[in-house]
Amino acid sequence: MKFKFIFPFLLVLAALTVSPSLTRAQEGEPVVVDEVVAQVNDGVITLSQLKREMKERVETLKQSGMSQQQAETEVEKHKADLIAILINEQLLLQKGKELDLTDRVEAEVNRRMLEVAKQNGVHSIEELDKAMRDAGVDPAGTRQTMRAEIMKQAVLESEVDSKLFYGANGDELHRYFDAHKDKFLKPESVELSEIFLSLAGKPEADVKARAMQLVQQIRGGANFTTLAKTNSERGAENGGKVGLFEIANLRPDIAAAVKDVKAGGLAEPLRTDEGYDILRVDARTVGSNTPTFNENQVREAITAERSPKAREEYLQTLRDDAYVKVSKDYSDSVLPQLKLKQDLIVEKSGDDSAQKPEKKKGRILGIFPKP
């Protein structure tokens, strides 16, 4: 059985395994464990972690068409940016623990894993773990990735987005609405259901013929939901229901397929890269050119517009309030990315005799010798 594990995360965070070096330059020298690229409060970013992140980005660029050499060169050019990103992530994860978000995040990880199991017809976490291992996916690593990503988003939503959303008073909401009425036009929308037939491992002619047969059955009076539950290769448990979408946000081929289909109607089978999609328009809402004031929609628009800048300002506050020490091998390129105030920049020479500012947390860790 093949499983559809899709995790849209750019970074894969794995637990570090510390192991002794295979060789030593001289008897009695310290064992090389890893090199510390940066210390962030009580946490560290190691060279092995940085290399893993760089490798992930190289693989992503190769998938977009770059050669190995081109991808490695491009990633190397942005190494300082990546270290800064890892520092920001470390700060967000630490903040999440400080805000006692750990239990909430773990509950969300469990919910998502159960949803993956449900989508793949798996009935237990143990069975899901086995299926993931069989598919070459590490269950523990996947959960750690999800845990970190959800934690970072939870902090930003709690400390930035929610304050933006609830921060505006009535007068400000109406002023924003009056100045941005074009954002509050009612768009045309459709509610869709589907029966999806995959091409994986099947002759296309057979899949297409089956799609046409199902369309004929439905148009002849057969129940769409029943056929979706017994035939669809995704979303079968929901009777094929997909959701409500604004026409402008639909993929172009889907928008074209349902363009002239009335509520309750069925589109012709749509050929996609993965298979054939039989789409039913469950409901259709006509758009309007008259702007309508809705408090939640205005708050959402304000939050979406102001969130990027507010999030960066919040990250800057975290950096300014943290103890950040960057290894001398990377400090010249990374410190400008962090935009730390001059009086908060920790001595960058790598000499651990430097006094740590009183406001900072954590302890000074030495830089391990390079392998």
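Residues Met212 and Ile195 fall into different hydrophobic clusters, defined by Ile, Leu, Val, Met, Phe, Trp and Tyr side chains chained together at heavy-atom separations under 4.5 Å. Both Ile83 and Val75 sit in one connected hydrophobic cluster of ILVMFWY residues. Membership requires side-chain heavy atoms under 4.5 Å apart, directly or through other members. Neither Phe245 nor Phe196 shares a network with the other; the hydrophobic side chains, linked directly or stepwise wherever heavy atoms of I, L, V, M, F, W or Y lie under 4.5 Å apart, form separate groups for each. Hydrophobic clustering of Ile, Leu, Val, Met, Phe, Trp and Tyr side chains at less than 4.5 Å, counting indirect connections, keeps Leu199 apart from Leu270. Under the 4.5 Å side-chain contact rule for hydrophobic residues, Val242 and Leu227 do not share a cluster.
Smallest separation of non-hydrogen atoms from Ala310 and Leu164: CB-CD1, 3.9 Å. Heavy atoms only, all atoms of each residue included: Ala228 and Ala236 are closest at O-CB, 3.6 Å. Heavy atoms only, all atoms of each residue included: Ser307 and Val160 are closest at O-CG1, 4.5 Å. Between Leu244 and Ser189, the closest heavy-atom pair is CD1-OG, 3.9 Å. Nearest heavy-atom pair across Ser124 and Val122 is O-CG1, 3.3 Å. Taking all atoms of both residues into account, the shortest heavy-atom contact from Val44 to Gln90 is O-NE2, 3.3 Å.
Counting only residues at least two apart or on different chains, the salt bridge (charged side-chain N to carboxylate O under 4.0 Å, His left out) pairs with a member in residues 275-292 are Glu188-Arg284, Arg234-Asp277, Lys241-Asp282, Arg280-Asp282. For residues 160-169, every residue pair satisfying the salt bridge (charged side-chain N to carboxylate O under 4.0 Å, His left out) rule, not counting sequence neighbours, is listed here: Glu159-Lys163, Asp161-Arg311. Applying the salt bridge (charged side-chain N to carboxylate O under 4.0 Å, His left out) rule to pairs touching residues 175-185 yields Lys183-Glu305, sequence neighbours excluded.
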task = Show your working on side-chain contact (heavy atoms from CB on, under 4.5 Å) between Met146 and Glu108 and close with a plain yes or no.
result = CA-CA 9 Å; Met146 295 176 71; Glu108 178 63 14; over 6 Å; no
Step-by-step side-chain hydrogen bond (donor to acceptor under 3.5 Å, both in side chains) determination, Glu72 to Gln68 = CA-CA 6 Å; Glu72 289 178 353; Gln68 179 79 23; 2.6 Å; yes
inquiry  = Go through it in stages, so that I can follow the logic: the residues are Glu149 and Lys152, the test is salt bridge (charged side-chain N to carboxylate O under 4.0 Å, His left out), and I'd like the CA-CA distance, side-chain angles, deciding distance and then a yes or no.
reply    = CA-CA 5 Å; Glu149 293 299 322; Lys152 290 184 292 184; 2.9 Å; yes
request  = Starting from the C-alpha separation in whole Å, work towards a yes-or-no answer on side-chain contact (heavy atoms from CB on, under 4.5 Å) for Val261 and Leu279.
outcome  = CA-CA 10 Å; Val261 180; Leu279 295 167; over 6 Å; no
query = Between Glu56 and Lys62, is a salt bridge (charged side-chain N to carboxylate O under 4.0 Å, His left out) present by the stated rule, with each step listed?
reply = CA-CA 10 Å; Glu56 288 292 325; Lys62 284 170 61 180; over 6 Å; no
Test log, rule side-chain hydrogen bond (donor to acceptor under 3.5 Å, both in side chains), inputs Gln316 and Asp320 = CA-CA 6 Å; Gln316 187 64 59; Asp320 287 344; 3.1 Å; yes
request  = Give the C-alpha distance, both sets of side-chain angles, the deciding distance and a yes or no for side-chain hydrogen bond (donor to acceptor under 3.5 Å, both in side chains) between His78 and Glu74.
outcome  = CA-CA 7 Å; His78 296 282; Glu74 184 65 21; 3.1 Å; yes
key: Glu35/Ser327 under side-chain contact (heavy atoms from CB on, under 4.5 Å): CA gap, chis, key distance, verdict   = CA-CA 9 Å; Glu35 178 186 351; Ser327 165; 4.1 Å; yes
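For the atom pair CD of Glu157 and CD1 of Ile150, the computed distance is 10.5 Å after rounding to the nearest 0.5 Å. Rounding to the nearest 0.5 angstrom, the gap separating the CG atom in Leu47 from the CZ atom in Arg52 is 10.0 Å. Atom CG of Leu338 is separated from atom CG of Leu318 by 12.0 Å, given to the nearest 0.5 angstrom. The distance from the CD atom of Gln39 to the OG1 atom of Thr46 is 13.0 Å, given to the nearest 0.5 Å. Between the CE atom of Met54 and the CZ atom of Arg57 there is a distance of 9.5 Å, given to the nearest 0.5 Å. For the atom pair CD1 (Ile278) and CG (Leu266), the distance works out to 7.0 Å, reported to the nearest 0.5 Å.
The residues Glu268 and Arg219 are annotated as salt-bridged, a charged nitrogen and a carboxylate oxygen being separated by less than 4.0 angstrom. Arg299 and Glu295 are joined by a salt bridge, as a carboxylate oxygen and a charged side-chain nitrogen come within less than 4.0 angstrom of each other.
By the salt bridge (charged side-chain N to carboxylate O under 4.0 Å, His left out) test, Arg306 pairs with Glu172, sequence neighbours left out. When the side-chain hydrogen bond (donor to acceptor under 3.5 Å, both in side chains) test is applied to Ser288, no partner is found at least two apart in sequence or on another chain. Remark: Thr290 engages no residue in a side-chain hydrogen bond (donor to acceptor under 3.5 Å, both in side chains) (not counting sequence neighbours).
Proximity of Ile125 to Leu114: side-chain heavy atoms (C-beta onward) are separated by under 4.5 Å at one or more points. Side-chain contact between Asp321 and Leu91: absent, with no pair of heavy atoms (C-beta onward) separated by less than 4.5 Å.
Thr230 places a side-chain N or O within 3.5 Å of a backbone atom of Thr226 that can act as its donor or acceptor partner. Checking side-chain atoms of Ser64 against main-chain N and O of Leu61 turns up a donor-acceptor pair under 3.5 Å. Remark: the backbone N or O of Lys97 is not paired with any side-chain donor or acceptor of Thr102 at under 3.5 angstrom. Listed for the Gln70 side chain is a donor-acceptor partner under 3.5 Å among the backbone atoms of Ser67. Side chain of Gln94 to backbone of Val40: a donor-acceptor contact under 3.5 angstrom is found. Remark: the backbone N or O of Lys229 is not paired with any side-chain donor or acceptor of Ser232 at under 3.5 angstrom. Distance alone, capped at 3.5 Å, is enough to place a donor-acceptor pair between the Asn223 side chain and the Thr225 backbone. Side-chain atoms of Asn169 come within 3.5 Å of backbone N or O of Asp171 as a donor-acceptor pair. Proximity of a side-chain donor or acceptor of Thr272 to a complementary backbone N or O of Gly275 within less than 3.5 Å is detected. Counting only distance, with no hydrogens or angles, the side chain of Arg147 and the backbone of Val105 share no donor-acceptor pair below 3.5 Å.
Ring centroid separation for the pair Phe177 and Phe184 comes in under the 6.0 Å cut-off.
Residue Lys130 is tested with Met132, Glu126, Arg133 for a side-chain contact (heavy atoms from CB on, under 4.5 Å); the sole match is Arg133.
A side-chain donor-acceptor contact under 3.5 Å links Arg210 and Asn231.
Heavy atoms from other residues, nucleotides or ligands lying under 6.0 Å from NZ of Lys202 number more than 12. More than 12 heavy atoms of other shown residues, nucleotides or ligands fall within 6.0 angstrom of atom CG in Asn249.
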